[in-house]
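Following: one structure in structure tokens, then a few remarks.
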Amino acid sequence: MSDIRTEASKNFIQAIIDQDVSQEWNQGRVHTRFPPEPNGFLHIGHAKAALLNYSLAVNNEGLFNLRFDDTNPLKEEEAFVESILSDLRWLGADWENRLFFASDYFEHMYDLACGLIAKGRAYVCDLDQEQIRAYRGTLTEPGQESPYRNRSVQENLDLFSRMRNGEFSDGQRTLRAKIDMSSPNLNMRDPVLYRILHAHHHRTKDKWCIYPMYDYAHPLGDALENITHSVCSLEYADHRPLYDWVLDHTDYDAVPGVVGRPKQIEFARLNMNYTVMSKRKLRRLVAEGHVEGWDDPRMPTLAGLRKRGYTPRAIRRFSEEIGVAKRDSVVDLAFLEHCIRQELNRTAPRFMAVLRPLKLVITNYDADVTEWVEVENNPEDPQAGTRNVPFARELYIEEADFMEDPPKKFFRLAPGREVRLKGAYIIKCEEVIKDEVTGDIRELRCSYDPDTRSGEKQSSRKVKATIHWVSTEHATKATVRLYDHLFQSENPERYEDFIEDVNPRSLETLTACVVEPALTEATDQDRFQFLRQGYFFRDRQDEGSGLMVFNRIVGLRDTWAKTQQSKEKR
RNA sequence: UGGGGCGUCGCCAAGUGGCAAGGCAUCAGCCUUUGGAGCUGACAGACGUAGGUUCGAAUCCUACCGCCCCAGCCA
């Protein structure tokens, strides 16, 4: 994964690490982790976090762990563990043999909690959920101490073990840290450490009926794994004092193998325009059928991006280049698109495909002849070589490449106008055949100039445009799916209900497309540039035994379309 | 209104007292058998605002303004 190491200007976390290493803090080790909760699919924002942690480790000769934060059996599922694992492997993050689960440490965490009780730093509280909320106070008023706050160590120990033994019902009691009910930081107002949940856990099954809260489990999980830098998102900054409190008062360092102490560092998580990034919202898009699933190519999920045709390399590049900082930001989707175009321009073999076919007959070309013209596979990469494309009297061209009454700047085909057919001849449009009833353009009659075949004497003659084409006789049918932004506005969150902003034209399925025959033989590849149109991903998953199916990853930059659009706006 | 975080070009983002990197986007030109790619050039007179310190400030100080997060037995 050589592309993960970069020389980019260093971010503030790397600056912290530099200092820590130089001061031999934690023996100068760097050990990071990515801690997903298995309650949904990973999205591009998670990719940023995972890759940040991974590259921090790689760039500093450190280690990187994957740890599932599975402390809430009510929301977590084995299926999500599987999807996260495969997404991360696909992305290229490598945790080697260090795959862990917070639930691996439940026993240690329980023991450590007993230690907290013994030291008088935690107590069993009988207040119910509403009461705890009422006692917590508000942002501006201090809370009140629980009447159970001063139970004896003995009683707390007894009660806590009975909680574990299942003697109480869900929600009946909690274990709380004894900190400060008047702290201006609400997280420090005697936070709940353990709750009773008679629930089946995907890993520990029915062994436990009490589960640790994130704020208690996370620092301990980090500590037990000898994590040095616990990188998380901004909203946890308020939790850092609690993170440190747990480490301060718990005897985690007595656990065999523990050699240091982690610290939490927060960064701003990724936001992007024209999409939503919260699991809750993504779940709704799936549940309400606005998309076809978590892996719908319009989704910002890794599964979606993968099905769309994005490469892990492009996503890595993206997360590296957007940088890391602490200010809320919204990255332009255009930058993600830039990253995949940049890669595919170098690597994707080119083919001709006509998405919306218009028949074209070359009237002065022999109907019995097929010429095989040579076309380069990738002008950016001479090594890619050339292929032969069959050229004949009847062709398909792109509907949009002809206009009967063209505007000024349109320089493709029009009545009486000349254009080059890529790799073949210059043709001239002589006649437009229309449907007698509807008036729709049915066919173009053209003449060709035999002296202008690519590579021949007259071939240097200039025409205003070169268009792509496919011989009707040799055409292979295909289905092509064109994707557009999932949302119409840059910030769907601004809507009272973001669903209102879903783009009704985010998917267009074209079933009458034709592609050149050589594409059928490109069985070892999945990503192509369809000349003049964009980059496409062969979606074998959806092909069954029928037609080839291609998903448009991203279109080519199209300055003509762009100027047309801005004209429309005016 | 308590606490925490943040404010540098349309969007990301360097810069940590010495004369505002880079990328994306945008615009212009060149080139081109992809209106792609490539190449060249333009693009913050100023770093939320106002004061102050200093020979010198985006960088230090003060005040103010704005945005984000926190009152789950979610993570």
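Order of the sequence lines sets the chain letters (A, B, ...), proteins ahead of strands, with each chain counted from 1. Bear in mind the structure is a predicted one, so any value in this text is a computation, not a measurement.
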*R195(A) vs C74(B): side-chain N/O to OP1/OP2 distance below 4.0 Å*: yes
*Taking OP1 and OP2 of G72(B), is either one under 4.0 Å from a side-chain nitrogen or oxygen of R136(A)?*
yes
*Would you kindly compare D126(A) and R327(A) by the position of their nearest RNA chain B nucleotide and give the one closer to the 5′ end?*
R327(A)
_Between R173(A) and C73(B), is there a contact of a side-chain N or O with OP1 or OP2 at under 4.0 Å?_
no
*Can you tell me, in whole Å, how much space there is between the C1' of C69(B) and that of C74(B)?*
16 Å
*With the threshold set at 4.0 Å, does a side-chain nitrogen-carboxylate oxygen contact exist between K10(A) and D18(A)?*
yes
_In terms of relative ring orientation, are Y105(A) and F100(A) parallel, tilted or perpendicular, with 30° and 60° separating the classes?_
tilted
*asked:* Measuring from the side chain of I322(A) (C-beta onward, heavy atoms only), which nucleotide among C12(B), G4(B), A75(B) has the closest atom?
replied: C12(B)
*May I ask you to verify if any side-chain N or O of T71(A) is less than 4.0 angstrom from the OP1 or OP2 atom of A75(B)?*
yes
*Which nucleotide in the set A25(B), C70(B), U26(B) lies at the smallest distance from any side-chain heavy atom of A334(A)?*
A25(B)
*Where the side chain of L234(A) is defined as all heavy atoms beyond and including C-beta, which of G5(B), A25(B), C69(B) is the nearest nucleotide?*
G5(B)
*asked:* How long is the straight-line distance from CG of D222(A) back to CG of N65(A), given to the nearest 0.5 Å?
replied: 9.0 Å
*Per-nucleotide protein contact string for nucleotides 32-42 of chain B, where B marks a base within reach and S marks sugar-phosphate only (heavy atoms under 4.0 Å, - for neither)*: -BBBBS-----
*Just to confirm, is there a sub-4.0 Å distance from OP1 or OP2 of C68(B) to any side-chain nitrogen or oxygen of K326(A)?*
no
_Show me, range against range, the stems involving RNA chain B, built from at least 3 consecutive Watson-Crick or G-U pairs below 3.5 Å._
B:2-7 with B:65-70, B:10-12 with B:22-24, B:26-30 with B:38-42, B:48-52 with B:60-64
*Taking CG from N271(A) and C1' from C6(B), how many angstroms apart are they, rounded to a whole number?*
14 Å
*Classify the ring geometry between F487(A) and F498(A) as parallel (under 30°), tilted (30 to 60°) or perpendicular (over 60°).*
tilted
*Is E380(A) paired with R350(A) through a side-chain N to carboxylate O contact shorter than 4.0 Å?*
no
_Partner of F550(A) under ring-ring contact (aromatic ring centres under 6.0 Å, His included), chosen from F536(A), F530(A), F537(A)_ = F530(A)
*For the side chain of Y236(A), starting at C-beta, report the closest nucleotide among A75(B), C12(B), G3(B).*
A75(B)
*Are any of the side-chain nitrogens in R412(A) or E398(A) under 4.0 Å away from the carboxylate oxygens of its partner?*
no
*State which of G5(B), A75(B), C73(B) makes the closest approach to the side chain of T174(A).*
C73(B)
_Against the six-membered ring of Y123(A), is R151(A) placed for a cation-pi contact (under 6.0 Å from the centre, within 45° of the normal)?_
no
*Can the positive tip of R173(A) be found less than 6.0 Å from the middle of the six-membered ring of F168(A), inside 45° of the ring normal?*
yes
*Nearest to the side chain of N72(A), which nucleotide is it out of G23(B), A75(B), C68(B)?*
A75(B)
